[in-house]
Protein chains: 2
Amino acid sequence: MKTPPLPLLDRPEGMTTHDYAFARLRQAIMVGSFRPGTSVTIRGLAEALESSPTPVREALRQLTSIGALQFLENRRIVVPRITPARFEELIALRIALESHAARRAVAHLSERQIERIVAIDDSIEDEIRRGDQAAALIANQAFHRTIYTANPDQIVMPLIESVWLQLGPILGIAMEHVTELYVVDRHREAIEALRRRDEDAVADAIAADIREGIGGFDQQAVARLLKLAA
Amino acid sequence: MKTPPLPLLDRPEGMTTHDYAFARLRQAIMVGSFRPGTSVTIRGLAEALESSPTPVREALRQLTSIGALQFLENRRIVVPRITPARFEELIALRIALESHAARRAVAHLSERQIERIVAIDDSIEDEIRRGDQAAALIANQAFHRTIYTANPDQIVMPLIESVWLQLGPILGIAMEHVTELYVVDRHREAIEALRRRDEDAVADAIAADIREGIGGFDQQAVARLLKLAA
DNA sequence: TTTCTGATAATGTGATCACAAAATGAGATT
DNA sequence: AATCTCATTTTGTGATCACATTATCAGAAA
């Protein structure tokens, strides 16, 4: 069991060791630092995070509950494997959830929030230009999250983040082998539709954004990526 | 902090204390044994479950991750409060998720599985006749779960179960004050549509089932229930 | 009466230990 | 060479303890 390097993360004053461990592991999985099928151990991660096992155990309970990791029958903990069919389910679910979330956010968005979303979209392009795919992934998520959390009563974000997390490891492989992951997007259409407060158009733009973005990987492409990572 | 009586649950040979604690607490929340806003403590639950605090701590990390419980800023753990607006978001999300899941299951359902679903629907009616609302809720969930899990690559069930869990406490109040919670349903239409392998009709029947079932509680009705429980 | 202060109690956090369960590797047997 | 057995190692689980943080309560001051 070799723990990959975990991307560093700021630890604010007063943040508990458990919260820090959880945030750091979650981030690592989200940006593809762990490959599908990778085994992890409590003590190995505790060492990498420079903590005792207790906070790591609790973080692992959380990570398994949100689909980022998986407890096996033999009690081992692994990064879930993914098949092309499951990838397709993840994309379809992402489309269902995010178009639903976008619809229900439209009525709540202020002009200021829309300008904020535009700024985030610009930052995605900066990151792409810079060649930093993980940062582009994070910025892309911030773009989507800022739209959906405009709805003050939304409860869908934890579900969406869980789907994003489950896509992390395969996207990590893709980021190593594909250079234009976030070039195609429909963010402009989404922003135009937000300005018009047109729920249908927003939902359609978000769905198209996902379908034509990472959803463009068909089953053959996913199988190829998985083979590359074996 | 008074722990309500936790419904008993079978503990199979070899089941870890943690898994038992988690399953028992999850079930209790699902069937409405805990009221919204109820505070829980690690030691209190450990005592009720006759275990040491460690397995309970880990179970609480899981339960908070799936929306069943909530860590507050002051580190206290509570059953989440719910507002009428959040209830409406839960219903809308349930409709979005479950009609999506039903659609994607249709192609996978065998005749035998459909007969199994019919049998579960009959058992719901038995439970209603018997006046056992918690058992009817569990059977209703089994009806839905059996449809959606026909899709072997589905990944949506943990998300659906999280929404069900978040509805548990308010439904617990409803079960105390309303006697006909599961009388209205559209299960027959859903079954007919499954037999015809008609994805649109299945999705419509599931959506209508939710909307006309517990979705029939409008914001005023929810507010009234919350007042009754205060 | 209300507000403030300080002591005490309650509750979550992290560390450590012992034990249970599963994996691994070496040697013996087929 | 393949399979089995057993000892050792690895890894997860549960218990317990001490400590940190937050809540509560009683008494004093305004």
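Heavy atoms only: backbone and side chains are in, while hydrogens, waters and symmetry mates are out. Letters go in sequence order (proteins before strands), and every chain restarts at 1.
Rounded to an integer number of Å, the gap from CZ of Arg61(B) to P of dG14(D) is 17 Å. Nucleotide dT11(C) holds its C1' atom 12 Å from the CG atom of Leu60(B), rounded to whole Å. Separating the CD atom of Glu50(B) from the P atom of dG14(D) is a distance of 15 Å, rounded to the nearest angstrom. Per the geometry, CD1 belonging to Ile42(A) stands 14 Å off C1' belonging to dT16(C), to the nearest Å. In this entry the distance linking CD of Glu47(B) with P of dA10(C) reads 13 Å, nearest Å. When the P atom of dA15(D) is taken as reference, atom CD of Glu58(A) falls 15 Å away, rounded to whole Å. In this entry the distance linking CG of Leu45(B) with C1' of dA10(C) reads 15 Å, nearest Å.
No hydrogens or angles considered: nothing links the side chains of Glu127(B) and Ser123(B) as a donor-acceptor pair under 3.5 Å. Judged purely by distance below 3.5 Å, without hydrogens or angles, the side chains of His144(A) and Asp209(A) pair a donor atom with an acceptor atom.
For Arg43(B), no side-chain nitrogen or oxygen approaches OP1 or OP2 of dT16(D) to under 4.0 Å.
Residue Thr41(B) places its side chain closer to dG12(C) than to any other of dA15(D), dG12(C), dT16(C). Taking only side-chain atoms of Ser52(B), from C-beta outward, the nucleotide of dG12(D), dT16(D), dG12(C) with the closest atom is dT16(D).
Within residues 70-80 of chain A, the residues approaching DNA chain C are Asn74(A), Arg75(A), Arg76(A), by heavy-atom distance under 4.0 Å. Across residues 8-19 of chain A, Thr16(A), Thr17(A), His18(A) each have a non-hydrogen atom less than 4.0 Å from an atom of DNA chain C (numbered order).
Under 3.5 Å, the side chain of Arg57(A) and the base of dG14(C) form no donor-acceptor pair of N or O atoms.
The neighbour count for Asp10(A) CG, taken as heavy atoms of other residues, nucleotides or ligands under 6.0 Å away, does not exceed 12.
Here Arg94(A) does not pair with Glu89(A) in a salt bridge; the nearest charged N to carboxylate O distance is not below 4.0 Å. Remark: Arg104(B) engages Glu88(A) in a salt bridge, criterion side-chain N to carboxylate O under 4.0 Å.
Under the salt bridge (charged side-chain N to carboxylate O under 4.0 Å, His left out) criterion, the residue pairs touching residues 163-178 of chain A are Arg35(A)-Glu176(A), with sequence neighbours excluded.
Applying the side-chain contact (heavy atoms from CB on, under 4.5 Å) criterion to Arg112(A), with sequence neighbours excluded, gives Ser110(A).
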Under 3.5 Å, side-chain donor or acceptor atoms of residues 19-32 of chain A against the rest of the protein: list the pairs with distances, not counting sequence neighbours.
residue  : atom : partner   : partner atom : Å
Asp19(A) : OD2  : Thr16(A)  : OG1          : 3.3
Tyr20(A) : OH   : Arg24(A)  : NH1          : 3.2
Arg24(A) : NE   : Pro7(A)   : O            : 3.0
Arg24(A) : NH2  : Leu6(A)   : O            : 3.2
Arg26(A) : NH2  : Glu161(A) : OE1          : 2.5

Would you give me the side-chain donor-acceptor pairs under 3.5 Å for residues 62-70 of chain B, sequence neighbours excluded?
residue  : atom : partner  : partner atom : Å
Gln62(B) : OE1  : His18(B) : NE2          : 2.5
Thr64(B) : OG1  : Leu60(B) : O            : 3.0
Thr64(B) : OG1  : Arg61(B) : O            : 3.0
Ser65(B) : OG   : Arg61(B) : O            : 2.9

